[in-house]
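The structure appears right after this line, and notes come after that.
Proteins come first, then strands; the chains are lettered A, B, ... in the order of their sequence lines, and each starts at number 1. Side chains included, hydrogens not; waters and symmetry mates left out as well; all remaining heavy atoms used.
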2 protein chains.
Amino acid sequence: MTAHHPEQGSGDGAAQLAHELRDAITRLNRRVRQARPVGDLTIAQLSALTSLELAGALTPRELADLERVQPPTMTKIVGRLEEAGLVQRAPHPTDGRQVILSATERGRVVYAQFERSRDQWLAQRLSELTGPERAALAAAAEILQRVARG
Amino acid sequence: MTAHHPEQGSGDGAAQLAHELRDAITRLNRRVRQARPVGDLTIAQLSALTSLELAGALTPRELADLERVQPPTMTKIVGRLEEAGLVQRAPHPTDGRQVILSATERGRVVYAQFERSRDQWLAQRLSELTGPERAALAAAAEILQRVARG
DNA sequence: CACGTTCGTTAGCTTAACTAATGAGCATGG
DNA sequence: CCATGCTCATTAGTTAAGCTAACGAACGTG
């Protein structure tokens with residue numbers, strides 16, 4: 001089940017490692033994500049709010065690309081977030097077609113709350129590990145973030 | 001951005017690590033999962049088929065618990081998988097209320113195909129890393145799997 | 001054997017996702 | 001300088017996924 005020879009062979013090693021990592025990621029994500037609405041926000045809404053908060057300001061198109069959904073889908077999600085007062089639409093300064101989306105102050109507060117609660121389960125689990133295990137995960141986290149963004 | 005002192009303080013360290021890991025996991029999962037239907041199967045269907053294939057045989061209730069959805073939701077998903085000929089329902093040998101779900105031969109073939117294609121993107125990314133980086137991820141993968149199952 | 005519990009399903013609703021089509025605004029070429 | 005074409009966001013319409021509530025069948029126990 002574990003990786004026996006991670007250093008030898010970047011071909012098969014990578015395939016085997018990819019399988020293990022994806023399995024772990026899939027399972028962890030199921031634990032962390034909460035498929036159903038969390039509080040008043042759904043996953044898609046929270047995810048969009050997160051991307052928006054991290055980026056600062058985006059057009060609907062950019063946000064849709066980030067979330068890997070089609071523009072009409074993002075229109076709906078943003079519409080609900082706007083109704084909830086968490087996101088605001090502003091006209092683009094020079095291009096009349098485009099719209100600038102940003103989180104409202106309330107949106108930022110709500111985002112921070114969910115961010116914390118989302119980390120709680122995992123933080124609890126991690127605190128049960130040994131120091132070396134946490135160190136191993138910390139080293140991996142940096143690499144994973146790089147892979148995820150690449 | 002990286003974890004500076006993973007060994008000191010299991011409290012704050014775990015919180016910070018949890019945040020970084022969750023971020024990486026969320027992003028990786030978005031890359032890997034493809035939110036929209038893959039081929040003819042949706043994510044929920046593929047996920048249920050995966051759980052069923054891994055477990056061998058399950059009742060709808062057990063499968064719903066594994067997938068962290070409510071029983072009625074699983075009824076629908078299994079219904080579609082059954083229509084597609086990937087999953088079969090069988091009566092429980094002793095309990096007339098219960099149903100035994102299992103993947104059909106075709107379901108197993110389809111599962112294996114998706115499993116491979118799902119790993120491809122990640123395997124490609126991993127092959128671009130250095131040997132030590134892959135070794136670090138391999139060590140982390142084992143720990144992550146343990147955390148995810150715990 | 002009657003009563004409560006568990007199991008799976010059905011019914012009805014909301015959200016999320018897609019494609020196709022629409023309308024507004026930009027930009028460019030004659 | 002304006003007509004044509006393109007991009008942006010949205011609307012319309014469909015399918016899937018998720019929920020709760022309610023139901024009928026089967027089990028088990030007092």
Side-chain angles (χ1 to χ4, degrees), chain A residues 26 29-52 57-84 86-102 114, chain B residues 26 29-30 33-52 57-84 86-102 114:
Chain A
T26 300
N29 202 60
R30 278 191 204 163
R31 291 301 190 101
V32 167
R33 82 187 168 185
Q34 293 292 50
R36 54 190 159 226
V38 187
D40 287 340
L41 287 185
T42 64
I43 300 304
Q45 289 166 15
L46 182 54
S47 182
L49 179 60
T50 299
S51 288
L52 197 52
L58 293 170
T59 68
R61 163 75 66 176
E62 291 167 335
L63 185 52
D65 286 347
L66 270 179
E67 293 291 306
R68 294 198 152 59
V69 298
Q70 295 302 310
T73 300
M74 192 47 66
T75 293
K76 275 195 195 168
I77 295 172
V78 167
R80 298 187 208 286
L81 285 173
E82 196 181 24
E83 277 180 21
L86 305 178
V87 158
Q88 54 196 353
R89 285 180 164 97
H92 191 285
T94 64
D95 190 336
R97 296 167 300 180
Q98 297 190 44
V99 174
I100 304 294
L101 304 173
S102 60
F114 280 116
Chain B
T26 300
N29 204 59
R30 277 191 204 164
R33 83 185 168 187
Q34 293 293 50
R36 54 192 158 223
V38 188
D40 287 339
L41 288 185
T42 65
I43 300 302
Q45 290 166 16
L46 183 53
S47 182
L49 180 59
T50 299
S51 288
L52 197 52
L58 293 170
T59 69
R61 163 75 65 178
E62 291 167 335
L63 185 51
D65 287 346
L66 270 179
E67 293 291 307
R68 294 199 150 62
V69 299
Q70 295 302 311
T73 300
M74 192 45 68
T75 293
K76 276 192 198 172
I77 294 173
V78 167
R80 299 188 209 285
L81 285 173
E82 196 180 22
E83 277 180 21
L86 305 178
V87 158
Q88 54 197 351
R89 285 179 163 99
H92 191 284
T94 64
D95 190 336
R97 295 167 301 179
Q98 296 191 47
V99 173
I100 304 294
L101 304 173
S102 60
F114 280 115

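Applying the side chain to side chain contact (heavy atoms under 4.5 Å, CB included) test to A/Asp95 and every residue at least two apart in sequence or in another chain returns A/His92, A/Arg97, A/Gln98. Applying the side chain to side chain contact (heavy atoms under 4.5 Å, CB included) rule to A/Pro60 yields the partners A/Val99, A/Leu101; only residues at least two apart in sequence or on another chain are considered. Residues satisfying the side chain to side chain donor-acceptor pair (under 3.5 Å) test with B/Thr75, not counting sequence neighbours, are none.
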Checklist outcome for this item: Each nucleotide of nucleotides 20-30 of chain D classed B (base within 4.0 Å of a protein heavy atom), S (only sugar-phosphate) or -, in 5' to 3' order, makes BB----BS---
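The salt bridge (Lys or Arg N to Asp or Glu O under 4.0 Å) contacts involving residues 70-83 of chain A comprise A/Glu82-A/Arg89, where partners must be two or more places apart or lie in separate chains.
Regarding contacts with the backbone of D/dA16, a side-chain N or O of B/Arg80 is found under 4.0 angstrom from either OP1 or OP2. OP1 or OP2 of D/dA17 sits under 4.0 Å from a side-chain N or O of B/Thr42. Contact annotation: B/Arg89 side-chain N/O to C/dT9 OP1/OP2 distance is under 4.0 Å.
Counting to the nearest Å, the C1' atom of D/dT15 and the CG atom of B/Asp40 are 14 Å from each other. Rounded to whole Å, the distance from CD on A/Glu62 to P on D/dC8 is 9 Å.
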Are there any protein N/O atoms within less than 3.5 Å of an N/O atom in nucleotides 1-5 of chain D, and if so, which ones and at what distance?
none

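The side chain of A/Gln45 lies closest to C/dA16 when the candidates are D/dA17, D/dA9, C/dA16.
Partner of B/Met74 under the side chain to side chain contact (heavy atoms under 4.5 Å, CB included) criterion, out of B/Asp65, B/Leu66, B/Val69: B/Val69 alone.
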